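Below is one structure, written out as structure tokens; comments come after it.
This one's a predicted model, so the numbers in the text were calculated from it and none came from an experiment. These values consider heavy atoms only, across backbone and side chains, with no hydrogens, waters or symmetry-generated copies.
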Amino acid sequence: MGPERVTFRGWLLPLALLTPQLAVVGLFFYWPAVQAVGQSFLAQDAFGLSTEFVWFENYRALFSDPAYYDALGVTAVFSAAVAGLSLGIALLLAAMADREIRGGGLYRTLLIWPYAVAPAVAGVLFGFLFQPSLGIVAQLLRDLGIAWNPLLDGTDALVLVVLAAAWKQISYNFLFFLAGLQAIPRSVIEAAAIDGAGPARRFWTIVFPLLSPTTFFLLVVNVVYAFCETFGIIDVLTAGGPGRSTQTLVYKVYQDGRIGADLGGSAAQSVVLMAIVIGLTAIQFRYVERRVAY
């Protein structure tokens with residue numbers, strides 16, 4: 001007997017259930033998006049007292065700015081590193097936690113906790129740990145003979161923000177990977193073990209393919225996270241420096257609009273950033289999803 005199908009006798013209850021979510025999405029996403037598109041065609045002073053319609057002039061200036069292409073390259077490297085690192089570590093932790101061990105529930109709870117930390121707080125934590133003069137981790141790196149100074153070295157700064165952003169996202173990925181692992185029938189894995197498949201072969205030929213829907217979902221979520229939700233970490237740790245080495249697209253929007261008072265230019269950047277994220281998501285659904293087995 002199949003599951004019971006939920007039906008509504010009228011349209012008022014479904015509308016009442018949907019209205020709060022639609023209102024939040026419309027108020028905090030669609031309306032700001034429409035405002036950004038409109039503002040990207042305007043040239044305004046810092047106080048909004050004078051406005052001039054300039055058509056595509058903001059976009060022309062944007063695509064002729066070498067600093068914008070530098071930020072695009074930094075964003076590509078940053079997002080790929082954050083997504084790969086957070087997904088890889090989360091999958092490893094989920095595979096280790098998906099076992100019958102003593103205190104397993106406590107371990108899983110501790111692994112989930114970092115997700116409750118705000119991005120700015122995560123930035124502060126990593127700032128203390130990796131501070132060149134006083135940080136514990138920085139001291140260990142110096143003892144190992146590794147030169148570490150994210151305040152002056154752009155590569156060190158980029159590594160630092162990648163580590164902080166990935167650490168913040170590992171718990172989220174861990175939750176989904178663990179749920180996916182627990183949904184795999186044990187009989188399938190036991191049958192492969194009886195046939196002589198070792199742990200590594202069972203994981204890569206059976207477990208990981210069955211996790212492909214979860215992995216695909218998390219890949220999309222992590223790319224969007226790296227593009228749009230890491231502003232607080234970058235702002236606290238490096239403020240885009242040194243020398244724009246950690247200036248991602250979302251942080252450049254803030255610097256040009258909030259600090260540089262170029263409201264029209266920053267609006268154009270936000271529109272382009274939104275288009276890039278939508279395009280990347282569409283590409284992932286178009287090509288990556290082909291390899292997903294539901």
Side-chain angles (χ1 to χ4, degrees), residues 61-90 114 117-170 173 219 222-262 265-266 268-270 272-277 280:
L62 176 63
F63 291 119
S64 62
D65 183 10
Y68 185 75
Y69 293 100
D70 291 341
L72 182 61
V74 171
T75 304
V77 174
F78 174 74
S79 60
V82 170
L85 188 62
S86 61
L87 287 173
I89 295 177
V117 177
V121 176
V124 171
L125 291 174
F126 273 76
F128 278 117
L129 291 173
F130 288 87
Q131 209 280 335
S133 301
L134 305 174
I136 298 175
V137 178
Q139 180 63 46
L140 293 176
L141 293 175
R142 284 198 302 272
D143 293 341
L144 294 174
I146 300 175
W148 173 263
N149 194 342
L151 301 178
L152 300 176
D153 189 284
T155 302
D156 290 349
L158 185 59
V159 170
L160 178 57
V161 294
V162 166
L163 291 176
W167 176 81
K168 176 70 176 66
Q169 191 68 4
I170 286 174
N173 299 334
L219 177 62
N222 279 258
V223 170
V224 175
Y225 161 77
F227 266 80
C228 302
E229 299 178 30
T230 53
F231 168 83
I233 293 174
I234 296 174
D235 188 48
V236 169
L237 282 176
T238 64
R244 297 202 302 262
S245 60
T246 59
Q247 186 188 61
T248 59
L249 292 177
V250 68
Y251 198 77
K252 193 174 190 306
V253 172
Y254 164 76
Q255 283 188 319
D256 291 354
R258 179 68 177 83
I259 300 177
D262 183 9
S266 64
Q269 291 182 48
S270 66
V272 174
L273 176 60
M274 180 173 59
I276 291 174
V277 172
L280 285 175

To the nearest 0.5 angstrom, please state how far the [atom1] atom of [X] sits from the [atom2] atom of [Y].
X	Y	atom1	atom2	result
Q169	I89	CD	CD1	12.0 Å
L72	D65	CG	CG	12.0 Å
L152	S245	CG	OG	10.5 Å
N222	N173	CG	CG	4.0 Å
F78	I233	CZ	CD1	6.5 Å
R142	L144	CZ	CG	11.0 Å

So which atom in [X] and which in [Y] form the shortest heavy-atom distance, rounded to 0.1 Å?
X	Y	value
N149	D156	N-OD2, 3.0 Å
G240	T246	C-OG1, 3.0 Å
T75	L249	OG1-N, 2.9 Å
P150	P242	O-CD, 3.6 Å
L85	V162	CD2-CG1, 4.3 Å
W148	F130	NE1-O, 3.0 Å

Would you call [X] and [Y] a side-chain contact if the rule is heavy atoms closer than 4.5 Å?
X	Y	answer
K252	V74	no
E229	P119	no
Q269	L273	no
L158	V161	yes
Y69	F63	yes
Q247	D70	no

Crowding at CG, L151 (>12 non-hydrogen neighbours, <6.0 Å):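 Result for CG/L151: enclosed.
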Backbone N/O of V82 and side chain of Y225: donor-acceptor pair under 3.5 Å: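 No, Y225 side chain to V82 backbone: no donor-acceptor pair under 3.5 Å.
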Donor-acceptor contact present, side-chain K168 to main-chain V117, <3.5 Å: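 At least one qualifying donor-acceptor pair exists.
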Parallel, tilted or perpendicular: ring planes of Y254 versus F231, cut at 30 and 60 degrees: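 Ring orientation, 0 to 90° scale: perpendicular.
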